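Comments concern the structure below.
No hydrogens, no waters, no symmetry mates; every other heavy atom, side chains included, goes into these values. Note that this is a predicted model, so its numbers are computed, not measured.
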Amino acid sequence: MIEHIELFFKAIFIDNMVFAVFLGMCSYLAVSKKVATAVGLGAAVIFVLAVTVPLNWLLDQYLLQPGALKWLGPEFADYDLGFLSFIMFIATIATMVQLVEIVVEKFSPSLYNSLGIFLPLIAVNCAILGGSLFMQSKEIETLGLALNYGISSGIGWFLAILAIAAIREKIRYSNVPAPLRGLGITFIITGLMGIGFLSFGGMLTGGDEEGPEEEEEKTVEVQNTIVEDKKIANNTKIIE
C-alpha cells in the first residue's frame, strides 16, 4: 500500500511529465489558452495513460522482455522481442486515442471542435509514449503499480495544463510587456512553476536516507578519530 501511495505522489509532483521532464509541451502550450479546453484535454490524457500504461506493461512482461515468451514453451525462452517495444507501444496508444476521439466526438461535439487537431495528436504526444517507456525503465513490478503510474502521470500532466490555463486566462487582462506576450510569458511562467515543483523533491523521503553500510562506515570513522585524538593527547602529555 505504501509503495502505491509513494508512486502516486512521486509521479504527480516529483516526476511531473511537464515540469520535471518537459514532455507533452506542444499540447501543453497550444491548448492552455482556456481552462475548459485544458480540462477536456487533460481528462483525455489521464484516460489514455490509465489504459495504455497497464496494457503496455502486459505486452512488456509477456511478449517483449528477454525470456517473456517462455509461457509458450521452453523453446521460446531465449527469444528477445525488445526491438518491437516502440512499435507495439505506439500501436496500443494509437488505438486508445482513436477510441477517445470517437467518444468525445459523440458526447461532446463542442469540446471535440475546440480541441481540434490536438485530440488525434495525443497519439504522438511524447508524454503518452513517455509514460509507457518510463514504466518500462523503472521496471514496475505489478499490473496494479502500472495502472497507478499511468493514472498518476496523467493527473500530473492534467494539473500542469490546468494551472497554466488558469494563469493565462488571468494574465490576458494584465499589462504584460509587448515582447513577452503570448508564448514568451508562458515559457517564463512554466519555468518558474518547474522550479517550484523541484521543492517537492524531498517530500517523500525528507532527505537522503543512509543505508546500514554507510552508517557502519561512519561509526568506524568516528571510532578511528577518537583513537587518534587519544594518541595525540597521550603524546602531548609525554612531551610536557
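Closest of all the heavy-atom pairs between V176 and R181 is O-NE, 2.8 Å.
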Test side chain to side chain contact (heavy atoms under 4.5 Å, CB included) applied to T190 and M25, step by step = CA-CA 10 Å; T190 300; M25 294 297 293; 4.2 Å; yes
Assess whether side chain to side chain contact (heavy atoms under 4.5 Å, CB included) is satisfied between I161 and V18, documenting all intermediate values.
-> CA-CA 9 Å; I161 193 171; V18 175; over 6 Å; no
Test D15 against K138 for side chain to side chain contact (heavy atoms under 4.5 Å, CB included), laying out the working first.
-> CA-CA 12 Å; D15 297 331; K138 290 176 183 293; 3.6 Å; yes
Starting from the C-alpha separation in whole Å, work towards a yes-or-no answer on side chain to side chain contact (heavy atoms under 4.5 Å, CB included) for L198 and F13.
-> CA-CA 8 Å; L198 288 176; F13 298 106; over 6 Å; no
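No donor-acceptor distance shorter than 3.5 angstrom exists from the side chain of N148 to the backbone of G144, with no hydrogens or angles considered. Judged by distance alone, with hydrogens and angles left aside, the side-chain atoms of R172 form a donor-acceptor pair with the main-chain N or O of K33 at under 3.5 Å. Here the side chain of N16 pairs a donor or acceptor atom with the backbone of G156 at under 3.5 angstrom. Distance alone, capped at 3.5 Å, places no donor-acceptor pair between the S27 side chain and the G24 backbone. When atom types are taken as modelled, the side chain of S153 and the backbone of G150 share no donor-acceptor pair closer than 3.5 angstrom. Of the possible donor and acceptor atoms, none in the side chain of S108 sits under 3.5 Å from a partner among the backbone N and O of V104. A donor-acceptor pair under 3.5 Å is absent between the side-chain atoms of R168 and the main chain of G182, judged by distance alone.
If you take CD1 on I155 and CD1 on I12, they are separated by 4.5 Å, rounding to the nearest 0.5 Å. Atoms CD1 and CZ, on I93 and F89 in that order, are 8.5 Å from each other to the nearest 0.5 Å. Here the CD atom belonging to E139 is positioned 13.0 Å from the CG atom belonging to L145, to the nearest 0.5 angstrom. To the nearest 0.5 angstrom, L143 atom CG is 8.5 Å from L55 atom CG.
Within a 6.0 Å radius of NZ in K70, other residues, nucleotides and ligands contribute 12 heavy atoms or fewer. The 12-atom threshold is not exceeded at OH of Y173, counting heavy atoms of other residues, nucleotides or ligands nearer than 6.0 Å.
Side-chain contact check for I14 versus F9: every heavy-atom pair is 4.5 Å or farther apart. Looking only at side-chain heavy atoms (C-beta outward), L69 and L63 come within less than 4.5 Å of each other. The shortest distance between side-chain heavy atoms of F107 and I102 does not fall below 4.5 Å. Two residues are said to be in side-chain contact when any heavy atoms from C-beta on lie closer than 4.5 Å; K106 and Y112 fail this criterion. In this structure, the side chains of H4 and L7 stay at 4.5 Å or more apart for every pair of heavy atoms. Using a 4.5 Å heavy-atom cutoff, the side chains of I151 and L49 are not in contact.
Looking at residues two or more places apart in sequence or on another chain, you find a side-chain contact (heavy atoms from CB on, under 4.5 Å) between I167 and I171, I189, M193. When the ring-ring contact (aromatic ring centres under 6.0 Å, His included) test is applied to F19, the partners found at least two apart in sequence or on another chain are F197. Under the salt bridge (Lys or Arg N to Asp or Glu O under 4.0 Å) criterion, D60 pairs with no residue, sequence neighbours left out. For L23, the side-chain contact (heavy atoms from CB on, under 4.5 Å) criterion is met by M17, V21, C126, A127, F134, not counting sequence neighbours. By the side-chain contact (heavy atoms from CB on, under 4.5 Å) test, L162 is found to be paired with V35, V39, F158, residues two or more places apart in sequence or in another chain being considered.
Every pair passing ring pair (Phe, Tyr, Trp, His ring centres under 6.0 Å) that includes a residue from residues 27-81 is listed here, sequence neighbours excluded: F76-Y79.
Note: the hydrophobic cluster containing L29 does not contain I195 (ILVMFWY, side chain heavy atoms under 4.5 Å, direct or indirect links).
Of the residues N56, T52, T92, the one that meets the side-chain hydrogen bond (donor to acceptor under 3.5 Å, both in side chains) test with S132 is N56.
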